[in-house]
Amino acid sequence: MKNPSIATMVAVCIATAGAAQQAPSLLFTQKGIEQSKSGSAGTYLKWQTPHAISVVTPVPGCTQSAEKFAADWNYQTMAGDTDGDGFVSRVAFMGGIDAIASLPYKWNPQTQMTELRTAPVTVYDTYISPVSDVGTTVSGAPGLRKGDCGRFVRTAAGNGQVRYFIRAEQLIAALGMVTQEGQPLTPADINLDAITVSLQRHIFLSFEGDHFVKLFQNGVLMNFFLQDGAVACIRGAMWTPNADGEVSVVQPNRGIIALTEAQVDAMVVNSNVANSAGANPGVITDTNGVATDPNGGNFPVAWGASLFNLNNLLLSGETLTGAGVITTGGGPGVIAIVNGCPLASVAAAPTTGAQMGLLAPVASSVENLESLDHEPCYFVLATPTPGPGVLPGGFQVHVGTNLPVAMVFLGFGVGAWPVSPSLSVLGLAPNTLCYPEYYPTILPNPLIPIALAAAGGGHFGSINIPWAPALAGGILFQALAVAGGSLHLSTPGTIN
C-alpha cells in the first residue's frame, strides 16, 4: 500500500476529538539536563533541558513521568532565521527558556470579563521569555527580549512575528523599576525569571537580579528593594487587556510586592522541604518558577493599610534541588501537592526529582513553572542533531505524543528562508488538540509511517533519514495522527 497523503488523512477525520485528562498538569523546564522517568521509549525526547518545555501530570499512585511538551527545534521553525546567518536550526536557540505563561482564561472584550478557558493549551499559544534576546531578522524590532513574555506566531505580517503577553517596558512602568539613582530602567536592564497569570488576571513575577522599584503604598510613591527571591504582583485591576486578553496598558507604579525574599525564605524553612541532599536549604536564593496552585485558595498580602487576598502560588527556586516545589497554600510555606502527589520530600529524605516525573537522582532545580487545569496534548518532534550544517548527510527525527495512537505519519517538504509559512488547520480539523498550524510545504509529498511504543503516559518513535541534500531553507518536518476521529498535528522542525 502506498504511503497516505494528507488529503487521505483528512478524509477519514469525521468524528469528535477525544478529550484530554482533567487532572491538573505542570509545564516546567529544568536548570540542568535531566531524563524523563519513563525513558520516553529510548528516544531523544527523554532529555528534559533548559531549552525545552516539559509537561508532567501527577496521577494516582504518583507514578507520573515528565515528557517533552516543546523542543527548541520547534521554536526555531516557528521563529525562523532570527539572526540572518542562513540557517533556521541552531544549537541552544534563545539561550534557553527563562519563563513560561499560559492564560487560564479567554477574555471577553464585550463584557470586560474573563471566562474559563476551555480550549486545550498548545505550544503555539504558550508564552515564553528567553534567556537572551532573540534576533529580529524575521520579526523586526524589538523582537522577543529577555525582559518580555511573548510567543512566535503568524500574523498579517507573516510567520515568525512576536505576540506579547507583556513587554519589558510595561513591566518597568507597572513596577516603577529604576536605577539606584532613580532613573527608569531600559528593557536591556531586566531579565524576566518567572511569570504566571491567574483567572482573576493577577500577574505574578520574579526577576533575575535585584532591582530598585518605586511603588504607591497608602497613596504615596515609595522606594522598595525587589530582590531576585521575591515575587511581585500586578493586580488585575491595575492593567487593561487587549482583545486577546494580553496586556495593553498598565497603571504606572501600581504593582505590589506579594512576597519578599525574606518571606519566601521563611516558606522554605516552614515547609521543611528537602533538597537533593536531604537537607532543608533555609533560603530560596533566587525564585525561578511561579505558578498558581491548581488546588485554588488565596493567601493574604498586606500592602500598607490595604489587605489583598491573592491566588495561592507554587514556587520553585535555585536551592530547591531535586526539582522541589513549595506552595503558599496550607500555611506560611508547605510542600506542594498536586492531584494527591507531593512535589518534594520532607527533610531528611532527599528530593530526587521523581516527584516531578524525572529519573532519579536529580541534582538541578525547576527553572520555570506553569500550572494547567487539565493535561494538554503534546505531539512533539525533536532531533538529536539539530544543526546547523547537518545537511547534506543523515539525521534522525523522533516523535512523542500522549494521543492514544500506535502510529503517526511524518510529512516533509522544503523549508523557506528566512521563515517557513504556515496556515491554520482549524478549518480542516476544528477538533485538533495539539498544534493549530500546518505547513503547506509538506502537502505534495507522501507521508512516512512511524510506529510508536508506549512509555509513561505517552507513545514514542523515531526514524532514520540516511541522507538528504543541502537546501536553502532546509527540510521541514511535521507529523500527523488520527485520534478520536480527528486530525492532529505535531509541532514543526527544520533540519539544515
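Since this is a predicted model, take the numbers as computed values, not measurements. Here, residue 1 is the first one in the sequence, and each next residue gets the next number.
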Next item on the list: Could you walk me through whether Thr63 and Val59 pass the side-chain contact (heavy atoms from CB on, under 4.5 Å) test, one step at a time?
Entry: CA-CA 6 Å; Thr63 58; Val59 296; 3.6 Å; yes
So the salt bridge (Lys or Arg N to Asp or Glu O under 4.0 Å) pairs with at least one residue in residues 416-425 (sequence neighbours excluded) are none
| Is the backbone N or O of Gly150 less than 3.5 Å from a side-chain atom of Asp148, with the two atoms forming a donor-acceptor pair by type? | no
Tell me yes or no: between the side chains of Thr49 and Gln30, is some donor less than 3.5 Å from an acceptor? no
Quick note, salt bridge (Lys or Arg N to Asp or Glu O under 4.0 Å) partners involving residues 24-37, not counting sequence neighbours, are Lys31-Glu367
Quick note, disulfide (SG to SG under 2.5 Å) partners involving residues 38-71, not counting sequence neighbours, are Cys62-Cys341
Value for CG (Leu443) from CG (Leu423), rounded to nearest 0.5 Å, stands at 8.5 Å
Fill in: Trace of the side chain to side chain donor-acceptor pair (under 3.5 Å) decision for Thr137 with Asp81
CA-CA 7 Å; Thr137 298; Asp81 180 19; 6.0 Å; no
#### Entry: Steps toward side chain to side chain donor-acceptor pair (under 3.5 Å) verdict (Ser345, Gln355)
CA-CA 8 Å; Ser345 298; Gln355 296 90 339; 2.8 Å; yes
Between the NE2 atom in His202 and the CH2 atom in Trp239, the distance rounded to the nearest 0.5 Å is 11.0 Å
Across all chains, not counting sequence neighbours, the ring-ring contact (aromatic ring centres under 6.0 Å, His included) partners of Phe477 are Phe395
CG of Leu315 to CD1 of Ile284, rounded to nearest 0.5 Å, is 7.0 Å
Applied to residues 121-162, the ring-ring contact (aromatic ring centres under 6.0 Å, His included) test, sequence neighbours excluded, yields Tyr124-Tyr435, Tyr127-Phe165
Exercise. Evaluate the side-chain proximity of Val414 to Leu476: yes if any heavy-atom separation is below 4.5 Å, no if none is.
Key: no
Looking only at side-chain N and O atoms, does Ser422 offer a donor or acceptor that is under 3.5 Å from a partner on Asn159? yes
task: Give the intermediate values and the outcome of side-chain contact (heavy atoms from CB on, under 4.5 Å) for residues Val123 and Thr126.
output: CA-CA 5 Å; Val123 174; Thr126 300; 5.5 Å; no
For Ala382 and Tyr44 the tightest heavy-atom approach is CB-CD2, 3.9 Å
Worksheet item: Using a distance-only test with no angle check, is there a side-chain donor-acceptor pair under 3.5 angstrom linking Asn431 and Ser486?
Response: no
Closest non-hydrogen contact found for Ala349 with Ala274 is O-CB, 3.1 Å
- Query: Under a 4.5 Å cut-off applied to non-hydrogen side-chain atoms, are Leu27 and Leu372 in contact?
  - Reply: yes
Any donor-acceptor N or O pair under 3.5 Å, side chains Asp98, Ser129
no
task = Tell me yes or no: between the side chains of Thr494 and Thr77, is some donor less than 3.5 Å from an acceptor?
result = yes
May I ask you to decide if Ala483's main-chain N or O and His488's side chain share a donor-acceptor pair within less than 3.5 Å?
-> yes
Could you check whether any side-chain heavy atom of Cys149 comes within less than 4.5 Å of a side-chain heavy atom of Tyr164, counting everything from C-beta outward? no
| Salt bridge between Asp193 and Lys146, side-chain N to carboxylate O under 4.0 Å? | no
**Asked** Do Asp244 and Lys106 meet the salt-bridge criterion of a basic N to acidic O distance under 4.0 Å?
**Response** no
CZ (Phe379) and NE2 (His459) are apart, to the nearest 0.5 Å, by 12.0 Å
| task | Could you check Arg163 against Asn242 for side-chain contact (heavy atoms from CB on, under 4.5 Å), going step by step and ending with a plain yes or no? | result | CA-CA 12 Å; Arg163 284 294 303 266; Asn242 63 18; 4.1 Å; yes
Between the main-chain N or O of Thr328 and the side-chain N or O of Asp293, is there a donor-acceptor pair closer than 3.5 Å? no
Hey, does Leu480 have a side-chain heavy atom less than 4.5 Å from the side chain of Leu447?
yes
| said: Under a plain distance cut-off of 3.5 Å, with no hydrogens placed, do Asn288 and Ser316 share a side-chain donor-acceptor pair? | reply: no
| query | Going by atom types alone, do Ser198 and Thr292 pair a side-chain donor with an acceptor below 3.5 Å? | reply | no
side-chain contact (heavy atoms from CB on, under 4.5 Å) between Glu437 and Arg154: does it pass, once the steps are laid out? CA-CA 9 Å; Glu437 298 279 306; Arg154 174 180 53 85; 2.8 Å; yes
Margin query: Could you check whether Ser38 and Glu67, counting side-chain N and O atoms only, form a donor-acceptor pair closer than 3.5 Å?
Written below: yes
Closest heavy-atom pair, Pro392 versus Pro469, reported as atoms and distance to 0.1 Å, is CB-CA, 4.2 Å
Counting only heavy atoms not in Ile33, do more than 12 fall under 6.0 Å of its CD1?
no
Here the side-chain hydrogen bond (donor to acceptor under 3.5 Å, both in side chains) pairs for residues 466-477, sequence neighbours left out, are none
For this session: Would you mind reporting whether Leu26 and Val55 have side-chain heavy atoms less than 4.5 Å apart?
Result: no
Taking the side chain as every heavy atom from C-beta outward, state whether Glu246 and Ile166 have any pair of such atoms under 4.5 Å apart. no
One should read off an interatomic distance between Asn74 CG and Thr491 OG1, to the nearest 0.5 angstrom, of 3.0 Å
**Asked** Can you check whether Leu320 reaches Val325 side chain to side chain, under 4.5 Å on heavy atoms?
**Response** no
Paired with Pro104, the side-chain contact (heavy atoms from CB on, under 4.5 Å) test is passed by just one of Val197, Thr196, Asp373, namely Val197
Looking only at heavy atoms, the pair that brings Ala344 and Val273 closest together is CB-CG2, 3.5 Å
Output for pair (Ser420 OG, Ile442 CD1), nearest 0.5 Å, gives 11.0 Å
Has the side chain of Thr327 got a donor or acceptor atom that lies under 3.5 Å from a matching backbone atom of Leu314?
no
- [ ] Indicate yes or no: at least one non-hydrogen side-chain atom of Met356 is less than 4.5 angstrom from one of Thr351.
- [x] no
For a quick check under 3.5 Å, do Ser102 and Glu370 share a side-chain donor-acceptor pair by atom type? no
Any donor-acceptor N/O pair, Asn108 side chain to Met113 backbone, under 3.5 Å: no
message: For Gly39, is there any backbone N or O sitting under 3.5 Å from a side-chain donor or acceptor partner on Ser36?
response: yes
- Message: Looking only at side-chain N and O atoms, does Thr287 offer a donor or acceptor that is under 3.5 Å from a partner on Ser206?
- Response: no
